[in-house]
Protein chains: 2
Amino acid sequence: MMNYFRPAIASIQGYIPGEQPKRGTPIIKLNTNENPYPPSPKAIEVLRTLDSEWLRRYPDPYSRDFCHAVSEALSVPKDWIIVTNGSDDLLNILIRACAEGKRKVVYPMPSYVFYRTLASMQAAQVVEVNYPQDYQLPIDELVAAGGAVTLIATPNSPSGHLVPLDDLRQLASRVLGILAIDEAYVDFADYCALSLVQEFDNVIILRTLSKGYSLAGLRLGFGIANPELLSGLFKVKDNYNVDAVAILVGAAAMKDQEYKNNCADKVKRSRGKLAIDLSKIGFQVRASQGNFLLVTPPGDRAAAIYQSLKEQNILVRYFNLPGLDNKLRITVGTDEQNQQLLQAINSTCNF
Amino acid sequence: MMNYFRPAIASIQGYIPGEQPKRGTPIIKLNTNENPYPPSPKAIEVLRTLDSEWLRRYPDPYSRDFCHAVSEALSVPKDWIIVTNGSDDLLNILIRACAEGKRKVVYPMPSYVFYRTLASMQAAQVVEVNYPQDYQLPIDELVAAGGAVTLIATPNSPSGHLVPLDDLRQLASRVLGILAIDEAYVDFADYCALSLVQEFDNVIILRTLSKGYSLAGLRLGFGIANPELLSGLFKVKDNYNVDAVAILVGAAAMKDQEYKNNCADKVKRSRGKLAIDLSKIGFQVRASQGNFLLVTPPGDRAAAIYQSLKEQNILVRYFNLPGLDNKLRITVGTDEQNQQLLQAINSTCNF
C-alpha cells in the first residue's frame with residue numbers, strides 16, 4: 001500500500017494541543033496568555049445584533065471592514081494590511097510562501113515553539129540561535145544563518161523581553177530574506193516596531209486580537225507590510241480564511257482602542273504587583289513586557305509546583321525544555337486570580 | 001536581493017477572488033451557490049446568547065461540541081471526524097499532507113478549480129482527466145494517473161451530476177493513494193457516499209456547512225475518515241483553525257436537521273421549476289443534484305447574458321474555460337428571485 005503522506009509529514013510528531021479545559025470546568029487558567037478581561041462591550045454588541053445574512057453569504061476575501069478599522073487605529077494604508085485566521089494563520093502563510101529545503105527558517109531561542117512545527121511541514125532547514133543569558137539579540141549569528149524568513153517575537157515569550165528597535169533595524173538591514181516581527185504581546189509593551197515597515201521593504205509586522213483584545217476564541221490576526229511583499233502572501237492565503245463574524249466583531253474591537261488600552265493598563269499594573277509578590281516568596285522573576293511572567297521558583301521545584309497547582313485547578317505553563325525546566329510561565333490574571341495563585345503556591349510550598 | 005518567495009509561489013498567479021458584493025449592495029446573488037434561505041433560527045439564537053467567555057479564551061482544538069453534533073446527526077464515531085475552517089481548509093490540509101512533486105493530485109474535469117490552486121502551492125504534478133460528454137466517471141484513466149490524492153466532487157460543480165456509488169467504490173478499491181470525495185452539495189442530492197469510509201481505509205468524505213446549512217459566512221467544514229487516516233491530517237491542521245463561535249453556532253445548525261432538510265427541499269423544488277422555465281425559453285438545462293443549474297443559452301450568448309444580468313444587479317457564474325464558455329452556472333434562488341432572473345433574461349434576450 002502507498003504511504004499516504006509526504007515524508008516530511010509522516011516523520012513529524014502528531015500535534016499535542018495545550019490544555020484547554022472543557023466548558024463549565026471551574027478553573028483559573030493562567031497557561032496560554034489569554035487576557036483576563038472580557039472583550040469590548042462594543043464587540044459583543046456586534047455579535048448580538050449581527051444580521052444573519054452575513055452568516056449565509058461567503059465573507060469578504062479581503063476582510064475590508066476590519067482593514068478599515070485597523071487602518072484608522074494604526075494609521076497605516078489599507079493595502080498594507082493582510083487579515084488572517086489568528087496570527088498563527090499568517091505565520092503559516094509566511095513560512096509556506098517562503099521556506100522549503102535550503103530556504104531556511106531562522107529564529108532565536110527560546111521563543112514560540114510553533115515556528116519549528118511550521119518549518120517542519122515545509123521540510124525547511126531550521127536554524128535556532130540561542131539567546132545569551134541577558135537576552136541581547138544575537139544579530140551576527142542570525143544574519144549568518146541566512147534565513148529565507150527570520151522570525152523575532154517581541155515581546156518574546158516565554159522570556160517577556162522586548163527587543164530594542166535599533167537591534168531590529170540592524171537585523172532588517174542585514175538579512176537577505178524577510179524579517180517577521182511577531183508582536184502578539186505588543187499591547188502590554190512600552191513600544192512597537194510598526195515604523196520599521198516603512199523603512200524596510202523586507203519587514204512584516206504580525207499582530208493578533210487574541211491577547212490585548214481578549215478575542216482568542218474569535219481567531220483574528222493581521223500583518224502589516226508593503227503591498228509588494230503582501231502580494232506573495234495573498235497567493236497562499238485561503239480566499240475565505242476569515243469568517244464574517246470575526247471581520248465585524250473584530251472591527252468593533254479594533255475601533256474601541258480606549259477599552260483595550262484600559263484593560264492592558266490593568267494587566268500591566270497587576271503584572272507589577274504579582275512580580276513583587278512572587279519575589280517576596282523567593283521566586284526569581286524576569287521583568288516582562290508581555291501579559292505573563294517567567295519565574296524561577298526556589299529549590300528547583302517548577303515541575304512540582306506546576307503539578308500541585310493543576311490539582312488545585314490552577315493552570316500555569318511548564319516547558320520541559322533545556323534552560324526552561326526550572327521555570328514556570330504564568331499568565332497575569334486579575335488581581336483576585338493572582339491572589340488565589342499566591343495562596344495556592346503558599347499552601348503547596350509552605351513558604 | 002533575495003527572491004523572497006519559493007519558486008512554486010512566485011510562479012503562480014495572484015488570487016482573483018469571486019465577486020462578493022459589498023454590504024448594502026442590492027443584488028440577487030446567484031453566482032457562488034449560497035443557500036437562499038437563512039441559517040437555522042436555533043443557530044442564530046446561539047450567536048445571540050453566546051457567553052463572551054468563549055471569545056476571550058482559545059477555542060477547543062478538536063471542536064468537540066461540533067463533533068458531538070455531527071456524530072449524532074450522521075451516526076459516525078466522534079474520532080472519525082476532523083473539523084476545519086470551511087471544507088477549503090480541509091482540501092488544503094489534505095493536499096498539503098499528501099502531495100508534492102511526483103506525489104500527484106488527480107481529478108476529473110470540469111470540477112472545482114481550487115484543486116489546481118492547492119496543488120500548485122505544493123509544486124505537485126496535476127493530472128486532470130476530462131469527463132466524457134455523458135459525465136461517466138473515467139475510472140481507468142483516473143487510476144492510471146496514480147494520484148497521491150484523487151479528488152471527486154459529487155454532486156459535481158458546475159455539471160451538477162452525482163457519481164454512482166459503485167463507480168466510487170471501484171475507484172476507491174483501485175487507487176493506491178487517498179480518494180477524497182467532496183460532498184459540498186450533498187444536502188441537495190439523492191444519496192451520499194458516507195458508507196464508503198467504512199469499506200475503504202483510503203476514503204475521506206468532505207462536507208461543508210456553507211451550502212445546505214446556509215453558513216458560508218461562518219467557515220465551517222469537516223471530514224469523515226478512519227482515525228488512522230485522520231492522524232496524518234491532524235499534523236497539518238492548525239491547532240486553532242476553527243473559532244469558538246463557529247463551533248457552537250455550527251453545532252446548533254447541525255442538530256437542527258429538520259430545518260436544513262426543509263430548506264433543501266424548497267431549493268430542490270425551485271430547482272425543478274427553474275429548469276423547466278429556462279427550458280421553455282430555449283436554454284439547454286442539465287439535470288442537477290446541486291443547488292445550481294448548468295445551462296446553455298441559445299445562440300452562444302452566455303457571456304453576453306452574464307454581462308447583461310450583472311448590469312441588472314443579478315450575478316450568475318460564467319466560466320471562461322474550454323467546454324464551459326457557452327454555458328452559465330446559475331445558483332437556485334428563492335422562487336421570487338428565480339422569477340426576477342427569468343424576467344431579466346427575457347428583457348435581455350427578447351425571447
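Throughout, a chain's letter reflects where its sequence line sits, starting with A, and its residues are numbered from 1. Note that the structure is predicted; figures quoted are calculated from it, not measured.
- Contact annotation: the side chain of A:Tyr4 never approaches that of B:Leu94 to less than 4.5 Å [non-hydrogen atoms, C-beta and beyond].
- Of all heavy-atom pairs between A:Arg103 and B:Asn3, the closest is NH2-O, 2.8 Å.
- Contacts of A:Ser120 with chain B are absent, with no heavy-atom separation under 4.5 Å from either backbone or side chain.
- Considering only heavy-atom pairs separated by less than 4.5 Å from chain A, the leading option among B:Ser52, B:Pro36, B:Ala97 is B:Ala97.
- Using a 3.5 Å distance cut-off with no hydrogens or angles, the side chains of A:Asn33 and B:Tyr58 do not pair a donor with an acceptor.
- With a 4.5 angstrom heavy-atom cutoff, A:Ala10 touches chain B only via backbone atoms.
- For B:Pro59 against A:Gly217, the heavy-atom pair with the smallest separation is CD-CA, 3.9 Å.
- Neither the backbone nor the side chain of A:Ala8 comes within contact range of chain B, judged by heavy atoms closer than 4.5 Å.
- Contacts of A:Leu50 with chain B are made by both backbone and side-chain atoms, with heavy-atom separations under 4.5 Å.
- For the pair B:Met121 and A:Lys235, the minimum side-chain heavy-atom distance is 4.5 Å or more.
- Salt-bridge annotation for A:Arg57 and B:Glu34: absent, with no side-chain N of the basic residue lying under 4.0 Å from a carboxylate O of the acidic one.
- Rounding to the nearest 0.5 Å places CZ of B:Arg56 at 11.0 Å from CG of A:Leu215.
- Of the two parts of A:Leu47, the backbone and the side chain both hold a non-hydrogen atom closer than 4.5 Å to a non-hydrogen atom of chain B.
- The choice from A:Val249, A:Asn85, A:Leu229, A:Leu118 that makes the most heavy-atom pairs within less than 4.5 Å of chain B is A:Asn85.
- For B:Asp243 against A:Leu218, the heavy-atom pair with the smallest separation is CB-O, 3.4 Å.
- A:Val149 does not touch chain B: none of its heavy atoms, backbone or side chain, sits under 4.5 Å away.
- Between B:Cys98 and A:Arg6 there is no side-chain heavy-atom pair separated by less than 4.5 Å.
- Here A:Asp88 pairs with nothing under the salt bridge (Lys or Arg N to Asp or Glu O under 4.0 Å) rule; sequence neighbours left out.
- Put simply, the side chain of B:Glu100 does not reach to within 4.5 Å of the side chain of A:Glu100, judged on heavy atoms.
- Across B:Val245, B:Val236, B:Val242, the residue that shares the most heavy-atom pairs under 4.5 angstrom with chain A is B:Val236.
- For the atom pair CG (A:Asn241) and CG (B:Asp238), the distance works out to 11.0 Å, reported to the nearest 0.5 Å.
- Residues passing the ring-ring contact (aromatic ring centres under 6.0 Å, His included) test with A:Tyr37: none are found, sequence neighbours excluded.
- Summarising the geometry of B:Leu55 relative to A:Ile44, their closest heavy-atom pair is CD1-CD1, 3.6 Å, with the distance given to 0.1 Å.
- Checking A:Asp89 against B:Tyr240 by side-chain atom types alone, no donor-acceptor pair falls below 3.5 Å.
- Heavy-atom pairs under 4.5 Å with chain A were tallied for B:Ala244, B:Pro39, B:Ser214; the largest tally goes to B:Ser214.
- In this structure, chain B has heavy atoms under 4.5 Å from both the backbone and the side chain of A:Leu233.
- Proximity to chain B involves both the backbone and the side chain of A:Pro38, based on heavy atoms less than 4.5 angstrom apart.
- Of the atoms belonging to B:Ala43, not a single heavy atom falls under 4.5 Å from chain A.
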